[in-house]
Amino acid sequence: MSGFEQKFRIFSKLCTEDYLIRYANKGLYKRSLKELDNGLTVQYTWNETSVGCQLSDGIHCTLEDTLEHWECSCPADNICKHVLISILYYQREHQTEDTLNQGEEASSAELEPASGRDDHEAVQIQNTHSMVTESRFHWMVESNLASLIKSYSSSLIEEVLFRLRYPEQIEVLEDSLLTVRLVKQEIEVSFTEEASLTKALCKVKQTAGNMTKLEALLRYRMQQGLDDTEAIGGRVHDIKFSLQTVRECRSMLTGLLKTGLARLPQSYMAQLETLAIAAHSGHLPDVERSLRGIQGELQLFFNRHVRFSMQSMLDRVSKLYLALHVLEQEKVSAFKQSQLIGSFRSKYYAVSALHLYGLGADAWETRSGYRGITYYFYCFDDAEIYTYSDVRAVYYEENQFSYTEHYGSFTPWLPNLTFRQFAGEEVQFRSVKVNEEYRLSSGEGAKLTLLPRTGVEEVSLGKHMQDVASVLAEDSRSFELFSIPKERLAMIKVARVVEHRFDKQSQDLILTMESDRGETLDLTLPYSTEWETMIKRLESGYGAGTLEDFYAFVRIEQQRIYPISFLKGKTVISLKLDTGYGRTRRFGRL
């Protein structure tokens, strides 16, 4: 028997009825059996890595020891009955031979002297057989993942890891195959006893099928208590970076901490700019962003700006210094190094479904010359807050961004839905692309469906629903080095607005809210000429004085609470956008 025939014989034994039906379908399997019962025969020609199968009806097939690769002279695009017939005929031809061999082994066992096999040994053999049966798919939890995913590209592995962030119920069925069913996606992946992802069966083909096979394996391993995120994370990211730039940045920050802000020369701004450029060319995107953030804070300090925050400055310097120290030591895993390095461009991946609840919109402008509107949504699927941002660069004179125009324009997903409506809707997305920061993409392919909006009082917002005490303590929590920085957002239940005043020194409008427990909380709205109308309306009351029992969606930043929107029932008021441009709706009518 040739070497490949031995491989094919082992493969044919794995091709159980269940295996072939799952790979093809039940009808094709039955037709193949019927052809064999009608007298169809097959002749085999063995090659080094394949076998030629000549069927008596004139069809010729070429098979390997996997169903992933085959050829047939018939015009079928997918697996055909001739391939199944070639396998099934080989099984029938050797079934009698296997039966005879088993009979001989049984007879030899009966003739063996009793002294050679005592009762204890018989029990051991029985237990061993039982263990082998129970652990036919032990490779799924015991095999080295690195060897299983050797053929997978880093981008494919990265997308699978991203999918694992989303909860997915799995159902496991074990018979001749171990089948993992991804319930929400309605996809099944069937694994064989052989430790190979290529031998697994999945109706989804090509690259998408390969990703689904790996996702099913990893979710099965997660169910068994194994976490492979960090183990295979090193395959995902390019961790090449300039160690010299890391050392220079840390040395510069050490000098800053020794000198202190009071004696720091303004020429230090040029050093920060130079190092930011060096970080960019040294493949350190998050270091570059952190340096520019420090640069922005320092500019406020030199300008004696009222909004300079020493706490924010210390937070930025401390986090960057610690990150640089860890990178310089080179003692953490590749996965954690990639978390500190970041990426220049955010990658978006398709998510099968998202059920989102509109929380309002916020308009903003950066000192670096960008304007935009960010729309906020609570996701029922994973209890996270998702955003969609419409952003434009306005640092060129000819570029402008009208908040009113963009807020009233139509969304890319539904032609008759404006962004103003979108901000207060409950929606269902299908096949929408999302990045690691939970930002939605406007790319093609996503399907949006409007759902009847639930009253905010009936929505369970989980960790985002906070009381006054937890909100005030929120800003004092320590930052996490190995995590994606997020906006600190919260929903607060408000009993009433007890006071509104304008602080001329800080140029802030302060709205003092009171909770059901009598606790008070100041919400801050910084003044700017763009929002002058909104500030004046809120300062004069504009219905806020009569508004009771509502929810405030806020952003927590630098020990201040900035309101984004007010919600009551099925209504959402985005403060800047719905009160700053002559909107007729009043807070008292929420």
- Trp413 vs Phe419 aromatic rings, parallel, tilted or perpendicular, using cut-offs 30° and 60°? perpendicular
- Between Arg555 and Asp362, is there a side-chain N and carboxylate O pair less than 4.0 Å apart? yes
- Query: Side chains of Thr404 and Ser402: do they bring a donor and an acceptor to under 3.5 Å?
  - Reply: no
- Task: Examine the side chains of Thr374 and Ser389 and answer whether a donor and an acceptor come within less than 3.5 Å of each other.
- Result: yes
- Item | SB check Arg453 Glu425 (cutoff 4.0 Å) | no
- Message: Test your reading of the model: is there a side-chain donor-acceptor pair from His280 to the backbone of Leu275, 3.5 Å cut-off?
- Response: no
- Got a sec: does the CD of Glu186 have more than 12 other heavy atoms crowding it under 6.0 Å? no
- Examine the side chains of Tyr407 and Asp578 and answer whether a donor and an acceptor come within less than 3.5 Å of each other. yes
- Item | Sub-4.5 Å side-chain heavy-atom contact between Leu354 and Gln428 | no
- Task: Considering only NZ, NE, NH1 and NH2 on the basic side and carboxylate oxygens on the acidic side, decide whether Asp382 and Arg165 come within less than 4.0 Å.
- Result: no
- Item | Donor-acceptor under 3.5 Å (Tyr376 side chain, Phe553 main chain) | no
- Task: Answer yes or no: is there a donor N or O on one side and an acceptor on the other, between the side chain of Ser251 and the main chain of Arg247, under 3.5 Å?
- Result: no
- Looking only at heavy atoms, what is the nearest atom pair of Ala353 and Arg430, with distance? CB-NH1, 3.3 Å
- Query: Does a donor on one side chain and an acceptor on the other come within less than 3.5 Å for Gln421 and Thr418?
  - Reply: yes
- Search all heavy atoms of Ile564 against all heavy atoms of Ala361 and return the closest pair with its distance. CG2-O, 3.7 Å
- Does the distance from a Lys or Arg side-chain N to an Asp or Glu carboxylate O, for Lys347 and Glu158, drop under 4.0 Å? yes
- Heavy-atom closest pair, residues Tyr220 and Met140: CD2-CE, 3.7 Å
- Just checking, any donor-acceptor pair under 3.5 angstrom between side chains of Tyr321 and Arg250? yes
- Item | Lys493 atom NZ, over 12 foreign heavy atoms within 6.0 Å | yes
- Query: Got a sec: does the NZ of Lys184 have more than 12 other heavy atoms crowding it under 6.0 Å?
  - Reply: yes
- Query: Is it true that the side chains of Glu436 and Tyr349 contain a donor and an acceptor less than 3.5 Å apart?
  - Reply: no
- Hey, does the Lys NZ or Arg CZ of Arg304 hover above the aromatic six-ring of Phe301, less than 6.0 Å from the centre and inside 45° of the axis? yes
- Item | salt_bridge(Glu384, Lys463) N-O dist < 4.0 Å | yes
- Ser442 versus Tyr388, closest heavy-atom pair with distance: CB-OH, 3.5 Å
- Message: Please report whether the ring centroid of Phe377 lies less than 6.0 Å from that of Phe422.
- Response: yes
- Message: I'd like to know if the side chain of Asn210 pairs up with that of Gln206 as donor and acceptor (distance under 3.5 Å, no hydrogens or angles considered).
- Response: no
- With Met222, the side chain to side chain contact (heavy atoms under 4.5 Å, CB included) member among Asp227, Leu217, Leu164: Leu164
- If you take all heavy atoms of Leu182 and Glu168, which pair is closest and at what distance? C-OE2, 3.7 Å
- Task: Decide whether Glu426 and His355 meet the rule of one side-chain donor and one side-chain acceptor closer than 3.5 Å.
- Result: yes
- Note on the structure: Shortest non-hydrogen pair, Ala323 vs Leu340, comes out as O-CD1, 3.9 Å
